[in-house]
Amino acid sequence: MRIAVLGAGLAGVTTAWCLAKDGHEVILIEKAPRIADAASGANGGIVSASRAFPWPSPQMLKTFLKALVRNDQAVRVYPMRWDPEFWAWGLRFLGNCHAASYARLLERKVRYVRYSQEQLGRIADESGVAFHRKQGGVMYLYRTPEALAAGIRKVEPMKALGFSFRVLDKAAAVAIDPGLANAPIAGAVFSTSDESGDSAMFCRELAAACEGLGAKVLLDCEVKGLVFGGGRVTGVETTSGRIQADGAVAALGLIDPHLRRQLGADLPIYPVKGCSVTLPIANADLGPRHAGMDESKLVAYCPMGDRLRLTGGAEFSGYGRDYRPADSARLVALAGELFPGATDLARAEARACLRPMTPESTPLFGTARYPNLWFNVGLGHMGWTMASGGARITADLVAGRKTGVPLDGLQVRSA
Ligand SMILES: Cc1cc2nc3c(=O)[nH]c(=O)nc-3n(C[C@H](O)[C@H](O)[C@H](O)COP(=O)(O)OP(=O)(O)OC[C@H]3O[C@@H](n4cnc5c(N)ncnc54)[C@H](O)[C@@H]3O)c2cc1C
């Protein structure tokens, strides 16, 4: 089949790869001038299957409601804008913030992220792409013994689900990652199966590998609408003209409202902004060997070749990609505090990017009104961890095969 894949972030590029491997004629269409220009180009780099905690939870209910009245915490909400989309999304999100829903979403998310990490390995092996992959564990850092004890309690449910962790005092953490020698920490929880890598590099190399399999990649090409005939998709209307297709995969991250209305699906996906800074590594001996997260600040860090990336913040403020200088300055300062002397703090590159979040914090797959329009959307806060599984699932659905994991709770519905 000739299949148009709409959007070239993690979801789109991995899907294009799986479809091209299956022998389809793939056209990957991206409105930006380069692959992985949105969230997939600036994320925290951690494949954090062991942290597949659902966002909606009883604890999050308190945080979210508090954020409606004060904006001095890690989650910020700007509800004063009249934004019906935010309120509709927010009500669905709050509706999931109870213990029974949390347990259900946790089971669903863990089942899916495990599968997805396996598929990331399979795609990496099949394609041979380089992306500064670092396997063998991720550090979750705690600054006080009390915080470390809370961190140990936090992973108990994940231990019960089969993930393995090592609890480390500072000396043991430094033995695994000498870059932590000067970090102000009491200890760490080391998640042995998590890994990390540069998802932008992965996407760009994988898109090139798709071209090697005969796929076409169209950049600077915005999808303006779909073309329908006989209740099916027959093509895509783009700024570069009409493209005929036997089917399409929507992997658009955040979807423009005019386009969303055409897709015939219930797509409750709202942007949650985060800030990202990337710093050149000046002295690798002083930098981290493994990716990690400073849990007291909720900031992730990840070595990516000769650069260090730090990301943090969760802000509900619409589709704008602006960021406050204070947010990037906080990340730069943290790079200096955790890894003094490792990076060139004066040459930080900062940007904001938007997580395409569903109210459940799990993605959506399958078809809705049109039988040949598949969805791979809503990767939210863990799209690097979740993309490869979604790509395989989508290719299986296109081929009419049984999917590698059951899709209950992950299926898109008709609008
Ligand atoms: C600060 C931050 C840190 C994060 N850290 C992590 C992490 O450590 N680990 C992890 O697993 N996940 C992380 N994530 C989440 C992850 O980055 C996202 O879930 C993932 O990038 C989403 O991928 P996507 O392909 O769905 O969307 P996107 O990356 O947004 O890609 C969608 C693409 O579609 C294109 N597009 C949209 N509309 C059109 C159109 N009309 N025509 C053509 N093209 C179009 C866009 O330009 C874009 O390139 C983080 C996210 C943020 C914001």
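Remember, it's 1-based here, ligands and their atoms both numbered in the order they're listed.
In the vicinity of Gly253, heavy-atom distances shorter than 4.0 Å reach the ligand 1 atoms 26 (O), 27 (O), 32 (C). Near Ile46, with a cut-off below 4.0 Å to any heavy atom, the atoms of ligand 1 are 7 (C), 8 (O), 9 (N), 10 (C), 11 (O). Within ligand 1, the atoms closer than 4.0 Å to a non-hydrogen atom of Ala11 are 25 (O), 26 (O), numbered from 1 in the order shown.
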Sequence neighbours excluded and cut-off under 3.5 Å, please list the side-chain donor-acceptor pairs for residues 361-370, or say none.
unit_1 : atom_1 : unit_2 : atom_2 : d
Ser361 : OG     : Trp55  : N      : 3.1
Ser361 : OG     : Lys109 : NZ     : 3.0

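At the top of the distance list for atom 15 (C) of ligand 1, counting protein heavy atoms only, stands Gly380 O, 3.2 Å. In this structure, the protein non-hydrogen atom closest to atom 13 (C) of ligand 1 is His381 O, 3.2 Å. For atom 16 (C) of ligand 1, the closest non-hydrogen atom on the protein side is Gly383 N, 3.6 Å.
Of the listed residues (Leu252, Ile255, Ile29), the one carrying the non-hydrogen atom nearest atom 39 (C) of ligand 1 is Leu252. For the residues Pro363, Ala314, Ser40, the heavy atom positioned nearest atom 29 (O) of ligand 1 is part of Ser40. Distances from atom 35 (C) of ligand 1 to the heavy atoms of Glu30, Glu222, Lys31, Arg34 show the closest one on Glu30.
Under 4.0 Å from ligand 1, the heavy atoms of Asp256 that appear belong solely to its side chain.
Between Glu295 and Lys154 a salt bridge is recorded (basic side-chain N to carboxylate O distance below 4.0 Å).
For the pair Gly274 and ligand 1, the shortest N or O to N or O distance does not fall below 3.5 Å.
Within the structure, salt bridge (charged side-chain N to carboxylate O under 4.0 Å, His left out) pairs that include any residue of residues 403-415 comprise Arg111-Asp408 (at least two apart or interchain).
Interatomic distance, CH2 of Trp17 versus SG of Cys203, reported as 13.5 Å (0.5 Å rounding).
Looking at Asp246, its side chain does come within 3.5 Å of a backbone N or O of Arg2 through a donor-acceptor pair.
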